[in-house]
Amino acid sequence: MTGTPGAAAAGDGEGSLRSPPCSPSYDLTGKNKVVTVDGVRVKLQIWDTAGQERFRSVTHAYYRDAQALLLLYDITNKSSFDNIRAWLTEIHEYARRDVVIVLLGNKADVSSERVIRSEDGETLAREYGVPFMETSAKTGMNVELAFLAIAKELKHRAGRQANEPSFQIRDYVESQKKRPSCCSFV
Ligand SMILES: Nc1nc2c(ncn2[C@@H]2O[C@H](COP(=O)(O)OP(=O)(O)OP(=O)(O)O)[C@@H](O)[C@H]2O)c(=O)[nH]1
């Protein structure tokens, strides 16, 4: 699900991030995943729209009932970044009103081919009020964090007590995310 924006849904089934065919070991979509949040198991089920953005009527069906959506662009591909706005417009129209959205700039390991600056992702995310991080399906950078943040948010919503402080997913992501540097991605 890298290179073009895709949607993933978190629900009460199971799921995870699928490995790109280039070797890597981190799965962005496809398998079931259980994330433990504060001792509670949150089950995620992920669907990848897998380039079906050309067939939007099909794609709607994937995310209409999703509790969370991961929007991916490829930091080495400008059109994938430009497509994000269209996706956000679509999502606004078709997704659940309370859907959790996380914006991911993937392929952060290939800095030599970068065409989208981190700041551009940050600015877009701020504009739409969504959390943002750069990821690498190759090295695994921030991959677990993306799912953990979603799982925490969903768990919090499901079991929030009246006097419990609310969980701020954007603050959490900002405090936890790794930032790619020129020389290291860990
Ligand atoms: N270096 C690097 N390569 C990646 C990363 N993620 C995906 N790739 C490679 O990028 C290519 C495209 O990956 P896909 O996951 O098939 O991308 P996609 O555009 O979403 O493809 P569809 O799901 O079919 O739409 C493959 O060669 C992957 O191995 C990454 O984080 N780093």
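Every number for a ligand or one of its atoms is a count from 1 in the order of the listing.
Remark: ligand 1 and A108 share no N or O pair separated by less than 3.5 Å (distance only, no angle test).
With sequence neighbours excluded, no residue satisfies ring-ring contact (aromatic ring centres under 6.0 Å, His included) with Y128.
Residue S136 approaches ligand 1 through these ligand atoms, each under 4.0 Å from one of its heavy atoms: 31 (O). Atoms of ligand 1 lying under 4.0 Å from any heavy atom of K138, numbered from 1 in the order shown and given with element: 1 (N), 30 (C), 31 (O), 32 (N). The distance from ligand 1 to the heavy atoms of D109 drops below 4.0 Å at these ligand atoms: 1 (N), 2 (C), 30 (C), 31 (O), 32 (N). The distance from ligand 1 to the heavy atoms of N106 drops below 4.0 Å at these ligand atoms: 5 (C), 6 (N), 30 (C), 31 (O). For ligand 1, the atoms sitting less than 4.0 Å from at least one non-hydrogen atom of V110 are 1 (N), numbered in the order shown with element in parentheses.
Aromatic ring pairs are classed by plane angle as parallel below 30°, tilted from 30° to 60° and perpendicular above 60°; the pair Y73 and F81 is perpendicular.
With 3.5 Å as the limit, one finds no donor-acceptor pair spanning the side chains of S80 and D74.
Taking 4.5 Å as the limit, some side-chain heavy atom of F167 sits within range of a side-chain heavy atom of I169. The shortest distance between side-chain heavy atoms of L69 and V102 does not fall below 4.5 Å.
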